[in-house]
Amino acid sequence: MIDGKRIAVVLPAYNAEKTLQKTVSEIPRNVVDDIILTDDCSQDNTSTLARTLGLYVVEHDRNKGYGGNQKTCYKTALSRGADIVIMLHPDYQYSPRLIYAMCTMLTSGHYDAVIASRILGKGALAGGMPLYKYIANRCLTLAQNILLNAKLSEYHTGYRGWTRKVLEALPLDACSNDFVFDNQMMAMTINSGFRIGEISCPTRYFPEASSINLQRSIVYGLGCLKTSTQYRLHQWKILSFPIFKK
Ligand SMILES: Nc1nc2c(ncn2[C@@H]2O[C@H](COP(=O)(O)OP(=O)(O)OP(=O)(O)O)[C@@H](O)[C@H]2O)c(=O)[nH]1
Ligand SMILES: [Mg+2]
């Protein structure tokens with residue numbers, strides 16, 4: 001709890017066995033009330049390990065995709081009474097020690113959502129982000145900031161925090177079940193006028209923390225541009241899209 005708000009951390013997991021324990025060990029248990037792992041039909045022992053670590057586990061009976069997995073994360077966290085939900089990839093790419101800082105940005109009342117950015121500061125390349133991902137991240141961010149009329153340092157982090165108000169307001173079921181879910185959710189948050197804060201976050205790249213290949217990265221990048229273009233067309237009242245229905 002922080003300021004009387006119930007804090008949940010959700011871990012959308014897929015084959016996270018090798019990195020789960022390290023990730024969970026750095027979650028500040030003194031403030032986090034609920035740790036939920038949703039297992040998207042992993043082929044390793046992610047669920048078994050998660051139960052051993054004392055997490056609340058939801059298992060999909062078939063692979064629903066990254067976005068489908070996050071839908072389960074947020075529904076579960078809300079149904080278990082969360083006021084603040086921090087989404088963290090369980091691949092130990094991000095520092096769980098920043099959960100407290102992210103939560104206090106949300107409980108302060110200044111922000112409705114917060115992202116932990118790898119781009120704020122100079123740590124991304126030092127942390128091992130491949131140059132092609134860094135350049136793609138910067139170019140997509142520039143394009144999205146222009147199309148969304150926003151000023152974020154990145155849109156692609158796997159470490160985000162939300163208030164209950166945001167999660168209840170956004171029509172998440174209208175979003176993709178694939179990786180572009182994250183990007184659609186950011187665009188929807190902006191469309192609904194919610195205030196987004198950012199903190200800087202160190203990143204680590206190592207084989208288990210990064211499984212997305214070039215082809216999937218390209219599909220994701222094009223999906224991001226499509227999302228922002230849809231937002232612009234929606235704002236100009238030229239076309240309407242279900243993800244931007246308030
Ligand atoms: N549900 C589901 N999740 C997946 C799948 N593939 C990867 N993930 C999860 O999606 C998250 C992001 O994938 P990563 O491979 O870490 O992506 P990345 O290469 O680190 O991407 P960047 O952090 O942007 O550089 C991880 O938590 C994975 O466990 C999948 O097929 N289904
Ligand atoms: Mg990763």
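Computed over heavy atoms, backbone and side chain alike; hydrogens, waters and symmetry mates excluded. Each ligand, and each atom within it, is numbered from 1 in the order the structure gives. Numbering starts at 1 and runs along the sequence shown.
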Sub-4.0 Å atoms of ligand 1 with respect to non-hydrogen atoms of [X]:
| X | result |
| --- | --- |
| Gln93 | 20 (O), 23 (O) |
| His89 | 11 (C), 12 (C), 27 (O) |
| Tyr94 | 23 (O) |
| Arg118 | 22 (P), 23 (O), 24 (O), 25 (O) |
| Ile212 | 13 (O), 14 (P), 15 (O), 17 (O), 18 (P), 19 (O) |
| Asp40 | 1 (N), 2 (C), 32 (N) |

Can you pull out the closest protein heavy atom to [atom]? Residue, atom name and distance to 0.1 Å, please.
| atom | answer |
| --- | --- |
| atom 21 (O) of ligand 1 | Lys133 NZ, 3.5 Å |
| atom 25 (O) of ligand 1 | Tyr205 OH, 2.3 Å |
| atom 6 (N) of ligand 1 | Phe179 CZ, 3.6 Å |
| atom 10 (O) of ligand 1 | Tyr66 CD1, 3.3 Å |
| atom 3 (N) of ligand 1 | Tyr14 CB, 3.4 Å |

Step through it carefully: locate the ring centre of [X], locate the ring centre of [Y], and say whether they are under 6.0 Å apart.
| X | Y | answer |
| --- | --- | --- |
| Tyr14 | His89 | no |
| Phe179 | Tyr66 | yes |
| His234 | Phe244 | yes |

Closest to atom 16 (O) of ligand 1 by heavy-atom distance, out of Asn213, Asp91, Thr19, is Asp91
Looking at Gly158, Pro90, Ser211, the heavy atom closest to atom 15 (O) of ligand 1 belongs to Ser211
Those residues at least two apart in sequence (or on a different chain) that pass side chain to side chain donor-acceptor pair (under 3.5 Å) with Arg164 are Glu168
By side chain to side chain donor-acceptor pair (under 3.5 Å), Lys75 pairs with (sequence neighbours left out) Asp173
Exactly one candidate in Gln70, Arg62, His60 meets side chain to side chain donor-acceptor pair (under 3.5 Å) with Asp40; the answer is His60
Heavy-atom nearest pair, Ile243 first then Ala174, reads CG2-O, 3.5 Å
Any heavy atom of Tyr220 under 4.0 Å from ligand 1? The part involved is neither
With heavy atoms and a 4.0 Å threshold, my read on which part of Ala209 contacts ligand 1 is backbone
Is [Y] paired with [X] through a side-chain N to carboxylate O contact shorter than 4.0 Å?
| X | Y | value |
| --- | --- | --- |
| Asp83 | Arg6 | no |
| Asp44 | Lys18 | no |
| Lys22 | Glu208 | no |

Contacts under 3.5 angstrom, residues 93-103 side chains, donor-acceptor by atom type, not counting sequence neighbours:
unit_1: Tyr94; atom_1: OH; unit_2: Arg118; atom_2: NH1; d: 3.4
unit_1: Tyr94; atom_1: OH; unit_2: Gly158; atom_2: N; d: 2.9
unit_1: Ser95; atom_1: OG; unit_2: Arg97; atom_2: N; d: 3.3

query = Is there a side-chain contact between Ser117 and Tyr159 (heavy atoms, below 4.5 Å)?
reply = no
| said: Assess, by modelled atom type and distance only, whether the side chains of Thr227 and Gln184 contain a donor and an acceptor separated by less than 3.5 Å. | reply: no
Does the ring of Trp162 carry Arg160 above it, NZ/CZ under 6.0 angstrom from centre and within 45° of its axis?
-> no
Shell check on the Mg ion (ligand 2): protein N, O or S atoms less than 2.8 Å away are Asp91 OD2, Gln93 OE1, Ala209 O
* From atom 28 (C) of ligand 1, is the closest protein heavy-atom distance below 4.0 Å? -> no
